[in-house]
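Sequential numbering from 1 along the given sequence is applied to the chain's residues. Predicted model, so just to flag it, every value in this text is computed and none were measured. Atoms within each ligand, like the ligands themselves, are counted from 1 in listed order.
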Amino acid sequence: MTSRRKFIGKMAVAGISTQINWFSGYQPDFARNDWKEIRNQFPVSKSPVLNLNSGSAGSMPYPVLEELVKKTHEFNNNALYKTKELYENDIYNAKVKLSNFLGCTPEELALTKNTTESLSAIIWGLPLDKKDEVIFSKSDYPFLQTFIKKRSEKEGFKTNEIELDLPYSSDEDIIERYRNAINSNTKLIVVTMITHREGQILPVKKICQLARENNIEVLVDAAHAPGQVFHSFRDLGCDYYTACLHKWMNGPFGTGLIIVNKEKIGKLNPPAFPYPEVFQNSIRKFDYSGTTAFQNLAVVNAVMDFNQKIDMREKEAHLKNLTAYWTEKIEGIKGAKIITDVNRSAALSGFNIEGINLAKMKRALFEQHKINIKLTSYKRVGFFRVSTNIFTDEKDLDRFVNAVESIVVNHE
Ligand SMILES: Cc1ncc(COP(=O)(O)O)c(C=O)c1O
C-alpha cells in the first residue's frame with residue numbers, strides 16, 4: 001500500500017465541512033493541543049506495558065479514572081438505585097454534551113453497555129418481513145453478522161452478504177458493490193464506519209445517500225469512530241448509529257451508545273429492553289436493560305469534559321500522523337507488508353511479515369517487550385492490527401518497531 005506523508009493540523013482532514021451546526025456545544029480548549037501534555041494525563045503512558053490495541057479498548061485519563069473510582073465508592077457505599085437517582089440530571093447533561101459531540105439531539109441518544117448491545121437492539125428490534133432483504137458485508141464485525149444471520153434463520157427474511165475486498169477496492173468500487181446488492185426488497189443496509197481488522201474508513205456518507213435514494217434505511221456500526229475521526233450523525237445521514245466510549249473516547253470499559261433518528265424510534269421493539277409502553281416513541285426505551293454499572297453512566301460527564309478540551313479535527317490528524325510514522329518504519333523491515341490503505345485510515349492499521357509465525361511473534365512481543373497488539377485474520381491469512389491513541393507517542397512507536405525488527409532478525 002502507498003505510504004502517507006505527514007498531515008498538518010486541521011487542514012489535513014479533507015472534505016469535512018466546518019459549518020456543522022450540530023457541533024455548537026463543542027468548544028475545544030486544550031487549546032494548543034499539546035500532545036505531550038495530553039499524553040501525560042494518561043496513567044497508561046507511565047505503564048511498562050505498551051498498549052497498541054485501542055481497537056479493543058483505550059485507557060482512561062486521570063480525571064476520568066479518578067472520577068470512576070470516586071463514583072464507584074459512592075455507588076457502593078450508598079444504595080445503588082438511590083444513588084443513580086441523584087445522578088439523573090448529571091447523566092442527562094452528559095448526554096447533551098455527547099449529542100453535541102456526535103451531531104444528534106439528546107432525544108435521539110441513549111447510553112448502553114457497549115456497541116454489541118446497541119447493535120443487537122437494532123438488528124433484533126427492527127420490524128422485518130419474510131420478503132425483506134438486509135445487506136451487510138463480510139468486513140462487518142463478526143458478532144454483528146451473527147445477529148443478522150440468526151434473526152434471518154429464525155424469521156425467514158433474506159440476507160445479502162457482500163465482499164468488499166479491502167484494502168484494494170476504491171471508495172467508488174465499494175459504493176458500487178452496495179449499489180449492485182440493492183433490489184426492490186432491500187429494507188436495510190448495515191455498514192461499518194471503520195473496519196475492525198484493517199481500520200479502513202468506508203465511504204459511509206455516500207452509502208447513506210445511495211440508500212436514501214432507494215428508500216432504504218442504514219445502520220452504521222461506528223464502534224471505532226467517536227474520538228478517532230471527526231464526524232456527525234446528522235451529516236452521515238444514517239437512521240441508526242451504534243458505538244462505544246471505551247475505545248478512542250477513553251471512557252470507562254463497558255460504556256456504549258445508540259443513536260436513532262427521532263422518527264424511527266417508535267418502530268423499534270428490541271426484545272432485550274423490557275421498557276414500559278409509555279416509552280414506545282422515546283429514546284428512553286433503551287434505558288431499560290436491567291442493573292448495570294450505573295457508576296459508568298455517572299462518569300460520562302467527565303469523559304465528555306476531557307474530550308471536549310481536544311480539537312477533534314487535530315486529534316484525527318495527529319492519529320493519522322502516528323500511523324504514518326510507524327507504517328513507514330515497519331515497511332523498512334524485511335518481509336513486512338502494510339495491509340491497510342493508510343490514506344483511508346486513521347488510528348488503526350494492519351501489517352504482516354512473511355515467513356514469520358505471527359502467533360509466536362505476538363507472544364514474544366508481549367513476554368519479552370511488554371507490547372500488546374492484536375493478531376487477527378481474514379480468509380485464513382493472519383496479520384497484526386496496531387492502534388495508536390493520544391497516549392501513544394513516537395518513542396512508543398520506535399520501541400514497537402525495534403521490537404518487531406529484533407524478533408525478525410533473531411528469527412533468521
Ligand atoms: C466494528 C466493531 N463493531 C462492534 C464491536 C463491538 O464493540 P463493543 O466491544 O463495544 O461491544 C467492535 C469491537 O471491537 C468492533 O470492532
Side-chain angles (χ1 to χ4, degrees), residues 51-60 98 102 109-124 134 136-150 161-162 164 166-167 174 188-204 207 218-229 231 233 236 238 240-259 270 272-273 286 289 292-293 296-297 299-300 303 319 339-340 344-350 372-378 383-389:
N51 179 20
L52 292 176
N53 187 18
S54 285
S56 293
S59 193
M60 285 172 266
L98 187 53
L102 292 176
L109 182 143
L111 295 169
T112 61
K113 294 186 199 76
N114 49 46
T115 320
T116 307
E117 185 181 56
S118 305
L119 286 169
S120 161
I122 303 297
I123 296 299
W124 287 94
V134 175
F136 65 98
S137 95
K138 289 184 166 64
S139 292
D140 293 327
Y141 194 59
F143 292 162
L144 167 56
Q145 296 187 42
T146 304
F147 283 144
I148 299 168
K149 287 175 191 165
K150 284 211 164 145
E161 189 178 354
I162 60 174
L164 298 185
L166 301 176
I174 290 169
L188 179 72
I189 293 178
V190 174
V191 61
T192 301
M193 195 153 161
I194 303 178
T195 63
H196 69 285
R197 291 190 194 89
E198 313 81 2
Q200 213 67 72
I201 301 172
L202 300 185
V204 167
I207 292 166
V218 182
L219 160 61
V220 175
D221 176 1
H224 297 279
Q228 184 178 167
V229 292
H231 68 289
F233 168 80
L236 288 178
C238 61
Y240 313 103
Y241 172 107
T242 59
C244 66
L245 299 178
H246 48 238
K247 298 185 194 288
W248 278 272
M249 296 296 279
N250 294 305
F253 308 126
T255 321
L257 65 108
I258 188 166
I259 304 177
F273 292 81
F286 298 106
S289 67
T292 183
N296 280 3
L297 307 184
V299 174
V300 175
V303 175
L319 294 170
I339 58 87
T340 299
R344 292 182 291 153
S345 76
L348 276 168
S349 284
N372 180 38
I373 59 175
K374 170 126 178 131
L375 178 57
T376 182
S377 69
Y378 187 57
F383 59 92
F384 289 116
R385 178 186 78 181
V386 174
S387 24
T388 56
N389 205 313

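For N114, there are no side chain to side chain donor-acceptor pair (under 3.5 Å) partners two or more places apart in sequence or in a different chain. Under the ring-ring contact (aromatic ring centres under 6.0 Å, His included) criterion, F143 pairs with Y141, sequence neighbours left out. Scanning for side chain to side chain donor-acceptor pair (under 3.5 Å) contacts around K374 gives an empty result, with sequence neighbours left out.
Protein residues with a heavy atom under 4.0 Å from ligand 1 are G55, N114, T115, T116, Y141, H196, D221, A223, H224, C244, H246, K247.
A ring-centre distance under 6.0 Å is not found for Y378 and H196.
With hydrogens and angles ignored, the 3.5 Å screen pairs no side-chain donor or acceptor of D221 with any backbone N or O of M193.
Other residues, nucleotides and ligands contribute at most 12 non-hydrogen atoms within 6.0 Å of the NZ atom of K150.
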